[in-house]
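Both ligands and their constituent atoms are indexed starting at 1 by order of listing.
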Amino acid sequence: MQKDFLSIHDLTQYEFHELLDLTREIKDNPDKYHKKLKNQVLAMIFEKPSLRTRMTFEVGMQELGGKAIYLSPNEVQIGKRETAEDVGRNLERWVDGIIIRTFAHENVVRLAKAVSIPVINALTDLSHPCQGMADFFTLREKKGGLSKVKLAYVGDGNNVCHSLMLAAAKAGSTMAVASPKGYEPNPEMVKLAREDGKETSFSLLITNDPRPAVKDADAVYTDVWASMGQEQEKEARAKVFAPYQVNPELMTAAKLDAIFMHCLPAHREEEVTASVFESPQSVVFDQAENRLHFQKAMMLILMGKKEKHG
Ligand code: CP
Ligand code: NVA
């Protein structure tokens with residue numbers, strides 16, 4: 001395993017499955033792990049808001065016997081107050097690991113390169129790997145396996161979509177992405193997923209039409225139409241994305257037992273209707289719970305080698 005977790009692309013197929021297996025083990029036996037990161041400290045840099053990511057890393061560290069310290073946008077300000085490298089070179093003198101949520105992915109790469117302690121990507125404009133991994137854990141939990149599963153992603157070809165594609169490639173799942181013209185996933189990320197997917201049974205359809213994407217899907221996934229940092233585009237996007245709403249009618253194209261997934265936060269009656277969001281098919285809060293179990297697994301693997309006494 002590499003020092004950092006910046007992208008699902010960086011995992012070998014073996015590591016991908018090993019992480020999902022360890023997530024299962026931790027979810028089933030949380031007490032076995034409650035001192036594994038005793039006295040370790042995690043710095044959490046957030047340059048964007050968060051409920052789930054902050055809570056799951058903070059609770060996760062607590063459950064593993066360590067401590068997490070939250071740094072708000074006021075403290076850090078990469079590129080304005082201090083460079084990514086300097087932020088990291090300070091933090092590594094005090095803490096054992098860093099998670100970072102920011103805008104430019106490049107800043108996370110630079111920070112990780114500058115320090116000797118593990119760095120975890122907690123969302124950038126390009127990707128959200130912890131979300132993608134936890135979601136594939138949820139998918140496996142609900143569907144019993146991943147290689148025969150079809151995941152349909154309907155909406156913005158954004159950070160979450162990119163990480164789901166990379167996870168699907170490692171898992172050998174079938175994936176279809178339906179986005180409006182001009183809002184398709186980043187071609188570089190599509191290329192990476194296709195390359196990784198050559199080693200598995202992965203297949204990928206990129207389309208502008210939601211119906212064929214959702215056809216026979218085991219899971220239908222959507223995310224907000226305007227991500228954090230795109231607030232000023234909200235109205236224009238609402239018009240373009242309206243035909244991409246996940247509603248009961250679109251869900252009928254999926255398998256009868258298809259689940260509905262969303263990384264949250266969700267905007268009811270925009271990307272998803274309240275009826276689908278609140279339906280028995282919806283697993284959105286299981287996804288949120290599983291962020292905790294996956295991130296504990298990730299922190300154990302990256303930070304667990306170091307023994308700290310005290
Ligand atoms: N899904 C997710 O990452 O949620 P937050 O933005 O609340 O962390
Ligand atoms: N695409 C969303 C995901 C939030 C968890 C955003 O970046 O705002």
Side-chain angles (χ1 to χ4, degrees), residues 5-8 23 42-61 68 70-73 98-108 120-139 151 153-167 177-180 183-186 189 219 221-238 240-241 244-246 260-268 270-272 277 282-296 298-299:
F5 179 51
L6 307 189
S7 169
I8 293 171
T23 305
L42 178 75
M44 307 193 296
I45 305 174
F46 279 92
E47 299 207 305
K48 293 176 178 179
S50 173
L51 171 66
R52 280 146 291 272
T53 306
R54 177 183 174 179
M55 283 303 296
T56 48
F57 272 109
E58 193 156 341
V59 171
M61 264 318 262
Y70 170 73
L71 296 161
S72 78
I98 302 173
I99 69 156
I100 171 164
R101 166 170 290 196
T102 190
F103 295 86
H105 188 78
E106 183 55 27
N107 282 339
V108 177
I120 298 176
N121 174 358
L123 181 147
T124 67
D125 290 345
L126 186 69
S127 62
H128 196 1
C130 294
Q131 185 72 53
M133 289 299 293
D135 290 341
F136 267 70
F137 176 78
T138 306
L139 206 48
L151 171 66
Y153 178 94
V154 181
D156 192 18
N158 62 13
N159 44 9
V160 170
C161 174
H162 295 155
S163 291
L164 291 172
M165 287 190 320
L166 292 174
V177 178
S179 316
Y183 296 91
E184 294 95 347
N186 177 330
M189 300 299 273
Y221 199 118
T222 191
D223 185 13
V224 291
W225 291 339
S227 284
M228 291 179 278
Q230 299 171 333
E231 288 77 10
Q232 71 294 346
E233 296 174 34
K234 201 172 177 340
E235 269 178 44
R237 282 173 170 259
V240 180
F241 280 88
Y244 293 79
Q245 184 186 66
V246 176
F260 168 74
M261 301 179 82
H262 194 307
C263 57
L264 306 181
H267 298 135
R268 287 169 178 75
E270 291 181 28
E271 74 273 7
V272 58
F277 188 90
S282 174
V283 299
V284 298
F285 298 109
D286 295 322
Q287 290 175 255
E289 180 190 329
N290 286 334
R291 291 288 304 278
L292 171 70
H293 308 303
F294 166 72
Q295 286 158 201
K296 283 170 76 178
M298 193 43 139
M299 290 192 287

Any donor and acceptor pair, going by atom type alone, linking the side chain of [X] with main-chain N or O of [Y] inside 3.5 Å?
| X | Y | answer |
| --- | --- | --- |
| Glu47 | Pro73 | no |
| Arg237 | Trp225 | yes |
| Ser127 | Pro129 | no |

- Message: If you take the nearest heavy atom of each of Ser227, Cys263, Ser163, which one is closest to atom 2 (C) of ligand 2?
- Response: Ser227
- Task: Would you tell me which option among Val224, Asn159, Leu126 has the nearest heavy-atom contact to atom 7 (O) of ligand 2?
- Result: Asn159
List the closest protein heavy-atom neighbour of [atom]: residue, atom name, distance to the nearest 0.1 Å.
| atom | answer |
| --- | --- |
| atom 7 (O) of ligand 1 | Leu51 N, 2.7 Å |
| atom 3 (C) of ligand 2 | Asp223 OD2, 3.6 Å |
| atom 6 (O) of ligand 1 | Arg101 NH1, 2.8 Å |
| atom 4 (O) of ligand 1 | Arg52 NE, 2.8 Å |

- Task: Give the atoms of ligand 2, by number and element, whose distance to some non-hydrogen atom of Leu264 is under 4.0 Å.
- Result: 5 (C)
- Message: Could you tell me if the side chain of Thr222 sits less than 4.5 Å from the side chain of Tyr244, heavy atoms only?
- Response: no
- Query: Hey, are the side chains of Tyr221 and Asp135 touching, using non-hydrogen atoms and a 4.5 Å cut-off?
  - Reply: yes
- Query: What atoms of ligand 1 come closer than 4.0 angstrom to any heavy atom of Arg291?
  - Reply: 1 (N), 2 (C), 3 (O)
- Note on the structure: One finds that the ligand 1 atoms under 4.0 Å from a non-hydrogen atom of His128 are 2 (C), 3 (O)
- Message: Would you say that more than 12 heavy atoms from the other residues, nucleotides or ligands in this model lie under 6.0 Å from the CD of Glu235, or not?
- Response: no
- Message: Test of understanding: given a 4.0 Å heavy-atom threshold, classify the contact between Gln131 and ligand 1 as side chain, backbone, both, or neither.
- Response: side chain
- Is there a nitrogen or oxygen of Asn158 sitting under 3.5 Å from a nitrogen or oxygen of ligand 2? yes
- Message: Pairs of nitrogen or oxygen atoms closer than 3.5 Å, one from Met228 and one from ligand 2: do any exist?
- Response: yes
- Query: Quick one: does Pro265 get an N or O within less than 3.5 Å of an N or O on ligand 1?
  - Reply: no
- Item | Leu264 heavy atom under 4.0 Å from ligand 1 | yes
- Would you check whether Arg54 reaches within less than 4.0 Å of ligand 1, judged by its heavy atoms? no
- Query: Without hydrogens or angle criteria, can the side chains of Thr56 and Gln295 be said to hold a donor-acceptor pair below 3.5 Å?
  - Reply: yes
- Query: Would you say the side chains of Thr138 and Asn290 form a donor-acceptor pair under 3.5 Å?
  - Reply: yes
- Does the ring of Tyr70 carry Arg54 above it, NZ/CZ under 6.0 angstrom from centre and within 45° of its axis? yes
- Quick one: sort the Phe285 and Phe277 rings into parallel, tilted or perpendicular, breaks at 30° and 60°. perpendicular
